[in-house]
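Values in this document were obtained by computation on a predicted structure and should not be read as measured data. One-based numbering, in listed order, for ligands and for the atoms of each. Residues: numbered from 1 along the sequence shown.
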Amino acid sequence: MYYTKVFEKIYNEISQIPNNGIVCDYIPELGNVNPNKFGVHLITVDRQEHSFGDSEERFSIQSIAKVLSLTLAYNLENENLWRRVGVEPSGTPFNSLVQLESDNGIPRNPLINAGAIVICDVLLSHIKNPKEELLHFIHKVADNPTIVYSPKIAESEKLAGFRNRALVNLMKSYGNIHNDIDKVMDFYFHLCSIEMNCRELARTFLYLATDLIDPETNQKFVTTSKAKRLNAIMQLCGFYDEAGEFSFRVGLPGKSGVGGGIVALHPGKYSIAVWSPRLNKKGNSFLGIEFLERFTTEIETSIF
Ligand code: GLN
């Protein structure tokens with residue numbers, strides 16, 4: 001009850017702010033969404049759930065899924081993974097090419113596009129059918145077998161993916177892509193096409209806020225040490241060249257996507273997902289950040 005009241009109060013405040021944000025326009029299929037949608041869902045580690053607005057409507061989670069593919073790759077490669085991709089904030093837009101050449105094809109971190117493409121390549125080297133296996137992993141983590149890729153969005157990304165192809169080609173020239181480029185990109189475009197609603201998204205990321213057990217292996221989905229590192233990467237790199245600003249304003253590790261979703265976590269306490277499709281100039285949800293800033297301020301808790 002308390003959280004739902006807080007959500008409502010904050011929503012009423014932020015809906016007064018002029019929102020000049022625009023819905024993602026470089027992936028044509030993402031442009032079909034109603035820009036005024038707004039949803040939020042919070043799940044605590046002891047499984048209390050609170051929601052507001054369009055929290056049951058699915059949207060394209062886009063780059064948020066990069067944390068899930070990273071988790072799978074990290075579990076397979078352990079610390080060897082960091083030979084292929086760094087853990088430094090990039091300070092550049094998510095699809096930037098500029099650092100890749102001076103860094104010899106090693107992306108700054110796994111949450112910018114270049115880094116996520118390398119992670120797809122790593123998974124292709126380990127797994128015969130990575131699209132299926134990733135979805136299976138997500139079904140287990142999310143405790144939800146209904147989550148799927150959107151073939152329409154994946155196709156739209158493929159048609160518009162000129163910069164992503166430039167990134168993969170540049171990395172291939174440095175030897176940091178081991179598999180066939182078309183296979184890597186097909187997997188990457190599918191990864192970005194996953195759809196969830198706010199409730200499903202908040203629940204999916206609960207494994208980084210508390211220990212959850214994989215029913216197949218009877219072990220944690222990630223060790224405590226890996227959860228620490230994944231949260232650190234989200235804190236420093238989850239919002240590209242706005243990661244500092246997000247930390248400063250919200251004070252939680254999180255990840256955004258150009259579909260207008262943001263997930264943020266308070267380790268040991270809760271996971272929260274917000275969706276509002278209008279993006280600011282950095283490609284992050286304008287109202288999503290406004291909302292989360294006021295939320296952590298209002299309830300007086302953040303990790304800092
Ligand atoms: N699919 C998008 C892209 O590759 C993901 C970007 C994002 O969500 N920031 O450009």
Near ligand 1, which protein residues have a heavy atom under 4.0 Å away?
Y26, I27, Q62, S63, F94, N113, E157, N164, Y188, C192, Y240, G257, V258

Within the 3.5 Å criterion, strictly below it, is a donor on S63 or K66 matched to an acceptor on the partner's side chain?
yes

Flag, side chain of N109 to backbone of E88, donor-acceptor distance under 3.5 Å
yes

By side chain to side chain contact (heavy atoms under 4.5 Å, CB included) - contacts of F248 (at least two apart):
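Side chain to side chain contact (heavy atoms under 4.5 Å, CB included) list for F248, sorted by chain: empty.
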
What pairs with N12 under side chain to side chain contact (heavy atoms under 4.5 Å, CB included), at least two apart in sequence or on another chain?
E8

Output a table of donor-acceptor pairs, distance under 3.5 Å, between side-chain atoms of residues 20-30 and any protein atom two or more places apart or on a different chain; print 'none' if there are none.
unit_1: E29; atom_1: OE2; unit_2: N32; atom_2: ND2; d: 3.2

Are R203 and E49 ion-paired here, with the side-chain N under 4.0 Å from a carboxylate O?
no

